[in-house]
Amino acid sequence: MAGSSRRPRVLPRTFYDRDTLTVTAGLIGKVLVHRTPQGVAAGAIVETEAYIGESDPACHAAPGPTRRNEPLYGPPGVAYVYFNYGMHHLVNAVTEGRGHPAAVLIRALEPLEGLDLMGRRRAAGGAVPRTAALCRGPGNLTKALGISLSQNRLRLTAPPLSIEDWGLPAPGVVWGPRVGIRVGTDRPWRCWVPGHPCVSGRRGYTNLSHHTNEARLGPG
DNA sequence: CGTTCGATGCACT
DNA sequence: GTGCATCGAACGT
């Protein structure tokens, strides 16, 4: 089998330098990896959302260039991390870029490596979440992987923070409205693996497409 | 099962 | 001063 010798391959910048919805779906099944002195933490991406351009009212680029959203205007393949609600860090992969500000929010991972480390980071005095919940939700996955503003603007095409192809089978995906936003909710730019227990939202199987009328096989 | 609501810090107007 | 690309506990049905 040719695949048996396949080594993890870091996605090149050209992967991100494409239509954002293509990247949004393409990232499903790829692996987000953070290598730190504490150890390696990695998980397969199972849920993403696209934020595209100044005309998208939910995109941070909507007000035009500001100090915070500057990475969106830079080259693709870079991490855009920001701090929200006074306690959560959210990580995006910049796409297109170069004057066309857009990014893919990474919303959930299936934990693959460094589960103990993730559990320690998530517990923080409390109980350790079960495995499926370690990286469920954009705020939870950054905590589990140790991603904060220190990782803002890092290239995703090289360690310590990278997105890689580990040769996992490409899962089927569905599309639906983005969640957690108050504007731009009409755009079906959320992409996820239907029924996957690590997808955010009320329990894994409430995310089956037949429960979400707007869900489709394509973003429209 | 469902919905509401407080925590908490910072970018932006 | 306002409003968050959230989370989880605390409630109501």
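Order of the sequence lines fixes the chain letters, A, B, ..., with proteins taken first and strands second; residue numbering starts at 1 for each chain. Quantities reported herein were computed from a predicted structural model and do not represent experimental measurements.
Between the CG atom of Leu134(A) and the P atom of dG8(C) there is a distance of 11 Å, rounded to whole Å. Put simply, CG on Leu141(A) is 16 Å from P on dA5(C), counting in whole angstrom units. The separation between His60(A) atom NE2 and dT6(C) atom C1' is 12 Å, rounded to whole Å. Taking atom CZ of Arg182(A) as the reference point, atom P of dT2(C) lies 15 Å away to the nearest angstrom. For Leu105(A) and dA5(C), the CG to C1' distance is 6 Å, given to the nearest whole Å.
Shown here are the side-chain hydrogen bond (donor to acceptor under 3.5 Å, both in side chains) partners of Thr185(A), two or more places apart in sequence or in another chain: there are none. Shown here are the ring-ring contact (aromatic ring centres under 6.0 Å, His included) partners of Tyr16(A), two or more places apart in sequence or in another chain: there are none. Residues meeting the salt bridge (charged side-chain N to carboxylate O under 4.0 Å, His left out) test with Glu110(A), sequence neighbours left out: none. By the side-chain hydrogen bond (donor to acceptor under 3.5 Å, both in side chains) test, Thr20(A) pairs with Thr95(A), Glu96(A), sequence neighbours left out. Residues passing the side-chain hydrogen bond (donor to acceptor under 3.5 Å, both in side chains) test with Asp56(A), sequence neighbours excluded: Arg178(A). Residues satisfying the ring-ring contact (aromatic ring centres under 6.0 Å, His included) criterion with Phe15(A), sequence neighbours excluded, are absent altogether.
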What string of B, S and - do you get for nucleotides 7-13 of chain B, 5' to 3', when a contact is any protein heavy atom under 4.0 Å?
BBBSSSS
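For residues 13-29 of chain A, every residue pair satisfying the salt bridge (Lys or Arg N to Asp or Glu O under 4.0 Å) rule, not counting sequence neighbours, is listed here: Asp17(A)-Arg98(A). Screening residues 32-50 of chain A for side chain to side chain donor-acceptor pair (under 3.5 Å) gives Arg35(A)-Glu164(A), Thr36(A)-Arg121(A), Gln38(A)-Arg121(A), Glu47(A)-Arg107(A), Glu47(A)-Arg190(A), Glu47(A)-Ser200(A), Glu49(A)-Tyr51(A) as the qualifying pairs, with residues at least two apart or on separate chains. Among residue pairs with one or both ends in residues 144-163 of chain A, those qualifying as salt bridge (Lys or Arg N to Asp or Glu O under 4.0 Å) are Glu70(A)-Arg153(A); sequence neighbours excluded.
Nearest heavy atom pair, residue Val91(A) against residue Ala79(A), reads CG2-CB, 4.5 Å.
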For DNA chain B, the dot-bracket pattern of Watson-Crick and G-U pairs whose distances stay under 3.5 Å, | for other-strand partners:
|||||||.||||.
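Here the CG atom belonging to Leu27(A) is positioned 6.0 Å from the CD1 atom belonging to Ile106(A), to the nearest 0.5 angstrom.
Nearest-nucleotide positions on DNA chain C place Val183(A) closer to the 5' end than the other of Pro138(A) and Val183(A).
When the C1' atom is compared between dC10(B) and dG8(C), the two are found 22 Å apart, to the nearest whole Å.
Contacts of Arg178(A) with the nucleic acid, taken as non-hydrogen atoms under 4.0 Å apart, are absent. Backbone-only contact: Asn140(A) has heavy atoms under 4.0 Å from sugar-phosphate atoms and none from a base.
If you check residues 111-122 of chain A against DNA chain C, the residues with a heavy atom closer than 4.0 Å are Arg122(A), listed by number.
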